[in-house]
Structure formats: C-alpha cells, structure tokens
Amino acid sequence: MPDSSERYGFVVVSNRLPVDRVIAEDGSASWQHSPGGLVTALEPVMQANDGAWVGWAGQPDLEFEPFVDQGISIVPVPLSAEEVQRYYEGFSNDTLWPLYHDVIAAPTYHRVWWEAYVQVNQRFADRAAEITEEGGTIWVQDYQLQLVPKMLREIRPDVTIGFFNHIPFPPLGIFSQLPWRKQILEGLLGADVIGFQRADDASNFSRAVRHLLGHATTRPYIEVPVDDESAPVSRRGKKVRRVLAKHFPISIDAASYEELAARPDIQARAREIREGLGNPKTVMLGVDRLDYTKGIRHRMKAFGELLADGRLSVEDATLVQVASPSRERVETYKLLRDEIELTVGRVNGDYATMSHTAISYHHHGYPREEMVALYLAADIMLVTALRDGMNLVAKEYVAVRRDNDGVLVLSEFAGAADELKSAMLINPHDIGGMKNTIMRAIEMPKRDRTTRMRALRRRVLDNDVAKWSASFLQALENVRPGQQITPAPATTTTTDGSPE
Ligand code: G6P
C-alpha cells in the first residue's frame, strides 16, 4: 500500500476509478475492474508512468485508503448517498448528460444538485492537488468534473492541467439553457488543454466562451484574461493565459481486440452463438449501455417494420441486442428500459417462431472475450445513436474483423462518423432511410464489404488509443514545456468489455 503522503508526477482524475467496489447479495465486498471505454483508454498510460488515479469506487458511504491495482495507484474519493443522488444521478446524469446530448431527454435543473456538484468537484480537486508532486501533470476526465480544472489551478498553479470531454459539447443555443453556464466554462478554462472528440465540439465550446464570457479566441486558442504581471500581452492589450481547445478523437487498444479475434476458442464461440440463434442468414448486432442517446428504440422500430413489411423474415435475420444496465435509479433510464422491453416482447410475440427469435435481447454486461465473439458472429453492426461523443463499439467491431468482412451501419450523429467515412452512414431519425440501409447492408456483395472494411480497419488500427493519449499529452507538454509523460506502449489490458 502506498503511504498516504506519496506524491505522483502524473495524476488522472475521473468520476469512476478503474476498479469498482462491488457488494454481493450476501453482503461480501470485492474490487472489480469497472466497465467503460475510459478505463480501457487510460490504463496503459498509467501503467507506463507509474501514475495515480483519483476517483470514486462506485458505492456510497465507503472510505478507502489508497492501494495499488495492476501497477496503478488507486486513490479513492468517498461520496455520501446524498451526493451520489444529487451530484452523480442528478446533476451529472439528469442535467448535464441530456443537455450535452442535444436534449434528447429533457434536462432537469435543481439548485441543490448544482450545489452538490460544486462540493464534490472541490473534493476531487483537493485530493488530486494533495497527491501531485511539484510541477506535475493532472489530467481530468469528463463532464462530471468540469469545475475541477479551475479549482486545481487555484490551489496548485504549478501543475499542468489537461481536461478531456468524452461526450459531445452542445451548440450555444442548447448550452445557454444551463443556469450555471458561466461557472462551467470558467471551470473548464482552468485547464491548459481542453480536449474534445470532434472538431464541432471544440468550436461549440469556443463559441460559448466568446458569447457568454466575452473572451477572444484565435482558433484553436482561447485567451483568458489574468492578473499575472508576467503573463504575455494579447493583441487587445490584455494580460492573458492561452488555453488550447481542440479535438482529439479517442480510440481503442485495437491490437488487443485483434489478438482476441485471432483466438480459436473465441472464433469457436462465435460459431456457437450463430448456431444458438438457429443459424439465420444474417446476424445483426447492437451493443450499448441502456441509454436513450443510443437510438435502441429507433433500431428496433426499423427492424420490426422490416419484418412487418415482409422484407425480412426471422429465418433471414436476427437482431442481437446487448443493452448493459446503466444509471438504473435515474427515472428516464427506468422508463427507457420499460419501453425497450415492451418493444422486444411485442416484436418477438408477433414474429418469432419456435426455432428463431426476432430480437435476442440481453440486459447484461459481458466480458471482453464474449463481446469479441459476438462481433465476429455479427454480419452487420448497428450503431444508431441519436447523439454520441465517439462510440467505441463501432471501432471495436472494425478492429476484430480481421477477415475484412462485416458491415458497419453507423449514425452520422456519433463522433466516430467523422473518422469512419467508409461505414454506411445513416440518420437514425429517418426510419425509412434506416430500413433501406439495413437492406442494402444485408444484400451488399462481398467485394464491396471488403473494400469498406479494409478502409475502416486502416483508420482504426492506425489511430489507436495509445496515439490518442500520446497526442493529448504532447499538446499539454507544448503548452507548458518541461512536462515529460511517457506515452502508452501499444500493450493489451484486461478489462470488462462493456460499452462506454
Ligand atoms: C460514458 C461517459 C463516462 C461514463 C460511462 C459510463 O461513456 O462518458 O464518463 O463513465 O458513460 O457511465 P457511468 O454513469 O456508469 O459512469
């Protein structure tokens, strides 16, 4: 166990730790690797840098001393049950999440939730400030912690601060709804580098800063006025600190997915899955957290209509839908689950036969090995998000298809669509268009499938998560020279394969 006065040169701060405290039904507790693309993305960088990770263990009212897990120092931050409800379920996931995803669901604004958000952000900032060595680097992750950069700068002006937003940053017209919009922008501007998934997210942010705070921006920089006499002078004659706001599209550890896909036992499992489904001609797959941003209902509607129209039968095609449980105490998520399960029941009730289901629905997370087998078993991957920061599932599907086969149907509203241009891009709101695209995917000749998948694979394999973190850390180093962070080697990690 590291002693509590230990200091680290590289500290990652995120709402969730890479390990979750899990309490079993019999009351026994254990540590488990927590799901999510973020963990997969950052674990190798941490291991290469002997860094520390500050975050919440996923359960209320538990205090833990720091400990080491798989070469990473874990520094838990406790949250009370009330804070989980107000800061995590409330402000993070019932205010910011729907607001930042194009208000697909209506955001709820509560002042007590905001107060809890401020209080918890301060606790994360204090803990990170305590354990970071003089002149070190702190990398803050995601929308749950947008106030942390400014709070850190106030306590530790010596450290270099990065922030990465894993979800979309909304257009000004939507962001302006937020009663605490200025505080959020100022919080983020405490960072030296603010990373986004898409170029559009970075420009939405710069525009919000110009309009709501009046700061000058010269893309990709934002000029934040400061009191510091030694600061450089801007063209407007003000002392400023320059903040870089730019897109750094996140990726996956593609090589580890390829390795799993090459394993004979996993390939055998893929065949077994197809047999278990009654060997339909086409297996279609959806893999998502059960979230209203993912367009799961739209996808099921399109498939249900294709069956109703007689363009498909259950012998022709089965849809496998993995919907991993998520944020289950938030009302919108409870309603969504009911709607999806009603739809699955209806479609299966109407069209399934004794030997073939229409929708094979699974409300579980699965280990990564099983996910790879599912990807290999699927002729068509359906990513129909109404809005998504990136969507790593799309990249995982591509990475495992060493056979250059399989068709990726991808929503143009997922960040991944900016890079994966050779996918079949769809507007998930256009159900008629989605139905036609699904039929084209089913009927696509092998040669076309190969051409598209080759191009997709080149993109994903050349731009893996190690490259993502290295380019972000390089940008941090350029802003404040002298910081040396070792980029992640292209190694494999063993984490849960649940979708982000
Ligand atoms: C998204 C967010 C992550 C989050 C993950 C799982 O990918 O960007 O910050 O950790 O969803 O959600 P949860 O609420 O379970 O942490």
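Small disclaimer: the values here were computed from a predicted structure and weren't measured. Counting starts at 1 for both ligands and their atoms, in listed order.
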Validation: residues 189-198 side-chain donor-acceptor distances under 3.5 Å, sequence neighbours left out:
from, atom 1, to, atom 2, distance (Å)
Asp192, OD1, Arg153, NH2, 3.1
Asp192, OD2, Arg153, NH2, 3.2
Asp192, OD2, Ile161, N, 2.8
Gln197, OE1, Ile250, N, 3.1
Gln197, NE2, His166, O, 3.0
Arg198, NE, Asp201, OD1, 3.4
Arg198, NE, Asp201, OD2, 3.2
Arg198, NH2, Asp201, OD1, 2.7

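At a heavy-atom cutoff of 4.0 Å, ligand 1 is contacted by no atom of Gln141, backbone or side chain. Counting heavy atoms closer than 4.0 Å to ligand 1, residue Ile167 contributes side-chain atoms (C-beta onward) but none from N, CA, C or O.
With ligand atoms numbered from 1 in the order given, ligand 1 contributes 2 (C), 3 (C), 8 (O), 9 (O) to contacts under 4.0 Å with heavy atoms of Asp142. In the vicinity of Arg289, heavy-atom distances shorter than 4.0 Å reach the ligand 1 atoms 6 (C), 11 (O). If you number the atoms of ligand 1 from 1 as listed, the ones under 4.0 Å from a heavy atom of Tyr88 come out as 13 (P), 14 (O), 15 (O). Listed by number with element, the atoms of ligand 1 under 4.0 angstrom from any heavy atom of His166 are 8 (O).
Side-chain polar atoms of Trp53 and Ser14 form a donor-acceptor pair below 3.5 angstrom. Judged purely by distance below 3.5 Å, without hydrogens or angles, the side chains of Tyr257 and Glu396 pair a donor atom with an acceptor atom.
For the pair Leu178 and Tyr109, the minimum side-chain heavy-atom distance is below 4.5 Å.
Considering backbone and side-chain N/O of Gln144, one or more are found under 3.5 Å from N/O of ligand 1. Taking distance alone, with nitrogen or oxygen atoms compared against 3.5 Å, Ser326 stays at or beyond that limit from ligand 1.
Atoms CZ and CD1, on Arg368 and Ile266 in that order, are 10.5 Å from each other to the nearest 0.5 Å.
Under the side chain to side chain contact (heavy atoms under 4.5 Å, CB included) criterion, Ala29 pairs with Arg21, Ile23, not counting sequence neighbours.
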